[in-house]
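Take a look at the structure set out below.
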Amino acid sequence: MRWSNYFIPTLREDPADAEVISHKLLLRAGLIRQLAAGIYSYLPVAQRSVLKISQIIREEMNAIGGQEFFLPALHPAEPWQESGRWSVMGDNMFRLKDRKGGDYCLGMTHEEIFTEIARRELRSYKQLPQVWYQIQTKFRDELRPKSGLLRVRQFTMKDAYTFDIDASGLDRSFEDQRRAYCRIYDRCGLDYVIVDADTGAMGGSASNEFMVYTDAGEDLVASCAQCGYAANTEKAASRIPEIEDGDATLEPEKFPTPGVRTIEDLTTFPGGAEASRQIKTLVYVAVANKGNDVQATPVLALLRGDHPLNEAKLSNAAARLVNRDGWELTSVRAAHAEEIFEWMGANAGSLGAVGVTKLPVIADEALRGRRNMTTGANEDDHHLRGVNIERDVAVAQWTDLRTVIEGEGCPRCEGTLRVAKALEVGHIFKLGTKYSVSMGASVLTAEGKETPIVMGSYGIGVERILAAAIELHHDEAGIIFPITIAPFHVVVSPLNVRDPELKATADRIYREMLSAGVEVLYDDRDERAGVKLNDADLVGIPFRITIGAKKFKEGKVEFYDRAARRAEDIAVDATFEHTGLRIEQAFKRLNTPKH
RNA sequence: CGGGGCGUGGCUCAGCCUGGUAGAGCGCUCGGUUCGGGACCGAGAGGUCGGAGGUUCAAAUCCUCUCGCCCCGACCA
C-alpha cells in the first residue's frame with residue numbers, strides 16, 4: 001500500500017472532545033471519525049485492524065467446533081416479547097416500526113434469534129452439542145456513550161451460543177469457550193484477568209468477565225494477590241472485622257434529632273452514634289414485568305451506616321422476592337422523595353425499619369446479630385437507639401448488599417483486597433434454560449423425554465479489543481500495535497523521495513516485500529522526514545525500514561522496532577530477510593499459549 | 001434523566017463580559033529556498049459564527065427557545 005494514495009488522515013493536535021488515550025490516538029492516527037454520539041466510522045487503517053481481530057476470534061471459535069452464522073440485525077418484536085426482554089431491555093433497545101406499524105428493534109445481542117432457530121430445527125439429543133456464533137453489528141441506545149470506542153451505540157460483537165443436553169454438557173462448552181477466550185486475548189496482545197461477574201439482564205447461573213486493567217475502564221475489579229481471587233465489585237465479597245456491641249438488653253428508645261439528615265450528621269450529634277453503629281435504611285423500588293404488565297414493589301435495604309449499597313446485589317435480592325407467578329424483575333431504582341414519604345411516613349434522613357411490616361426488608365449480612373444500633377424512627381427529626389436488629393426488625397431476607405472496599409479482607413484467604421478500574425472485553429454466561437424454557441426450545445433425550453436445551457452465551461466486543469490494545473500499548477508518540485492486530489507489519493520510509501537512488505531502493509524493497517506477502521505500507525509521500533517518522537510512530541506500525549541518504553551511502557538502512565523503541569543499522573541487501581525474521585518472531589511471541 | 005461545559009474556515013482556539021460589519025496558529029493551493037524527528041519566505045483559497053425567534057440603527061457578542069457534542073452520577077461487549 002502506498003501511503004501517498006492511502007487514506008490515513010492523521011491529526012497533529014489532540015481533538016477537543018477526546019478524553020481517554022485510546023480515543024485521542026484513534027482519532028489522531030486516522031483510524032476513526034465520529035458520525036454521532038457513540039457512532040463511529042472506521043477508516044481503512046482501523047478496518048484492517050478490526051478484520052485481524054475478527055479473524056483471530058474466528059480461528060479460535062472454529063478451533064472449538066464453532067460454526068459461523070450471520071443473523072439479521074433488524075428483529076421483529078415477537079422473539080423478544082417471548083423471552084420477556086422486550087420490556088427488560090427498556091430504553092437501551094433501539095426500537096422502530098415498519099410501514100404497517102409492526103414493532104421492530106435493532107439487535108442488542110442474539111439469544112432470542114439463535115434460540116428461535118434452535119427451537120425449530122433441533123429435535124434430538126443426537127444433534128447436540130451445537131456451538132454457533134457470528135460476528136455482527138449490535139445496537140444499544142446507551143444512556144451515555146463515551147470514551148471513543150469504549151462505550152458506543154453501534155459496535156461489532158462476536159457472540160456465540162452453545163446448546164447442550166444437560167448441565168455437564170454446558171460445563172464443558174463453557175470451559176471450551178473460556179479457553180478459546182484466553183487464546184484470543186493472548187494472541188491480541190492483551191493482559192487480562194478473568195473475574196466472577198454478575199449476570200445482569202442476561203440471566204443465568206454463572207458468568208465470567210474478561211477484564212483489562214486500565215483507568216479508562218468503567219468497572220471495578222476486586223482482587224487478591226495472595227490467592228488470585230478476582231471479582232467484579234458488583235459481585236465481590238470481602239471479610240470485615242466483627243464489631244462488639246456490648247449490652248444486649250437495651251430496648252429501642254426514641255430520641256429527638258432535629259436537623260439530622262445523614263449518617264454523617266448523626267455521628268457528630270450529641271447522643272448519636274458512629275457510622276458503624278448505625279443502620280442505614282434505603283427505600284428502593286423493584287420494577288417487575290409479566291408480559292406487558294408492570295408492577296412496582298417498594299423494598300427496604302438495610303446496611304451498616306458506613307457501608308455503600310451495591311445495586312447489582314440488591315437487584316439480585318429483589319429478584320428473589322418478586323420473581324414468582326410469572327413476574328420477572330426488570331430493574332431496581334431508588335424511590336422518589338414523595339414515594340418515600342407515602343410509604344414510610346417520614347422523609348429520608350429519619351428512616352428506619354423497626355416495626356415496618358408493609359415493605360419487605362432486605363438486610364446486609366454485616367448487620368446480622370448487631371445490637372445497640374441507632375437508626376431512624378420513621379418520624380421526621382427522630383431516631384431510635386438500642387435497636388437489636390434481629391429482635392426489632394422483620395427481616396425478609398439476609399444477603400450480601402455491600403460494595404467491597406479496597407483494603408478489606410479477601411473472602412477466600414488471609415490476603416487483602418485491591419480494587420482497580422478495568423475494562424470488560426468479554427463476558428461468558430452459563431444461561432441454563434432461561435431462553436429455551438421461555439421460548440420453547442427442547443429436544444428429546446435418549447429416553448424419549450422432552451427436555452429444554454441447556455444454553456450458554458459468550459460475547460466479545462471487537463472494537464473494545466482494539467481500544468484496549470491501544471490503552472495498554474502506546475507512548476507519547478502514539479500507538480504501539482501488537483503485530484497480530486497491527487494494520488500493517490512494516491512501514492518502508494525513504495526520507496527523501498526526490499533522491500532517485502533512495503527512491504529506487506525503497507521501491508525495490510517495497511515490491512519485494514509486497515510480492516512475498518508481507519503487509520507493508522510504503523511511505524512514498526514527498527514529506528519532510530519529521531512528518532514521516534512522526535506519522536509512522538503515531539499509527540503504531542510495529543517495524544519501520546528507514547532509508548536515509550547518509551547511511552544509504554554506507555550500504556545500510558535503519559530497522560526500527562516500535563515497541564522496543566530501538567533502531568539498528570542493517571545492510572540494504574539484508575533488509576528483506578531481516579524483516580521477515582523479525583515479523584515471524586513477533587508473531588510467535590504472541591501466538592505462543594500463555595494460559 | 002439530573003449536574004457541569006462547549007458549539008466561530010478542515011483541525012486547535014481567540015474574539016462574546018463592555019454590540020459597530022470576523023481573527024491567529026496549524027492544515028490546504030501556487031511559486032521559491034530547504035530536506036533524518038511535524039522547515040522558511042512570498043502569494044492565495046476557504047467561515048449562513050450550530051439553528052430559529054426576539055431586542056437594537058446595528059448581534060458571533062444581549063434575551064428566549066431549540067439542536068448537537070463532551071465531561072461527572074444510574075447500563076454493558
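Every value quoted in this text rests on a predicted model; they were computed, and no experiment measured them. First the proteins, then the strands, lettered A, B, ... as listed; each starts at 1.
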Within the 4.0 Å heavy-atom criterion, would you say [X] contacts the bases, only the backbone, or no part of the nucleic acid?
X	answer
A:E209	nothing
A:V462	nothing
A:P15	sugar-phosphate
A:S493	nothing
A:V531	base
A:G426	sugar-phosphate
A:D535	base
A:A477	nothing
A:D159	nothing

Checklist entry - Does any donor-acceptor pair link the side chain of A:R140 with the base of B:C75 at a separation under 3.5 Å? => result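 No, no donor-acceptor pair under 3.5 Å.
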Closest to the [X] side chain, choosing from [options]:
X	options	result
A:T546	B:G36, B:C71, B:U12	B:G36
A:E19	B:C71, B:C69, B:G38	B:C71
A:K551	B:A74, B:C71, B:G36	B:G36

Checklist entry - If we call it a pair only when both distances are under 3.5 Å in a Watson-Crick or G-U wobble match, what pairs with B:A43? => result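 Pair assignment: B:A43 / B:U29.
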Next on the checklist: Does the structure show a Watson-Crick or G-U wobble partner for B:G23, both distances under 3.5 Å? Name it, or say none.
Outcome noted: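 Base-paired to B:C13.
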Checklist entry - How close or far is atom P of B:G73 from atom NZ of A:K421, stated in whole angstroms? => result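 Rounding to the nearest Å, NZ of A:K421 and P of B:G73 are 8 Å apart.
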Checklist entry - On a whole-Å scale, what distance lies between the C1' atoms belonging to B:U8 and B:C76? => result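 It comes out at 37 Å once rounded to the nearest Å.
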Checklist entry - Which parts of nucleotides 22-35 of chain B does protein reach within less than 4.0 Å, heavy atoms only, written one letter per nucleotide 5' to 3' as B for base, S for sugar-phosphate only and - for none? => result ---BSS------BB
Checklist entry - Got a sec: does the NZ of A:K556 have more than 12 other heavy atoms crowding it under 6.0 Å? => result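 No, not enclosed.
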Item to check | Donor-acceptor contact below 3.5 Å, side chain A:K313 vs main chain A:T403 | outcome: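 Not confirmed, A:K313 side chain does not pair with A:T403 backbone.
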Item to check | A:Y185 and A:F210 aromatic centres sub-6.0 Å | outcome: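 Yes, they do, as the ring centres are separated by less than 6.0 Å.
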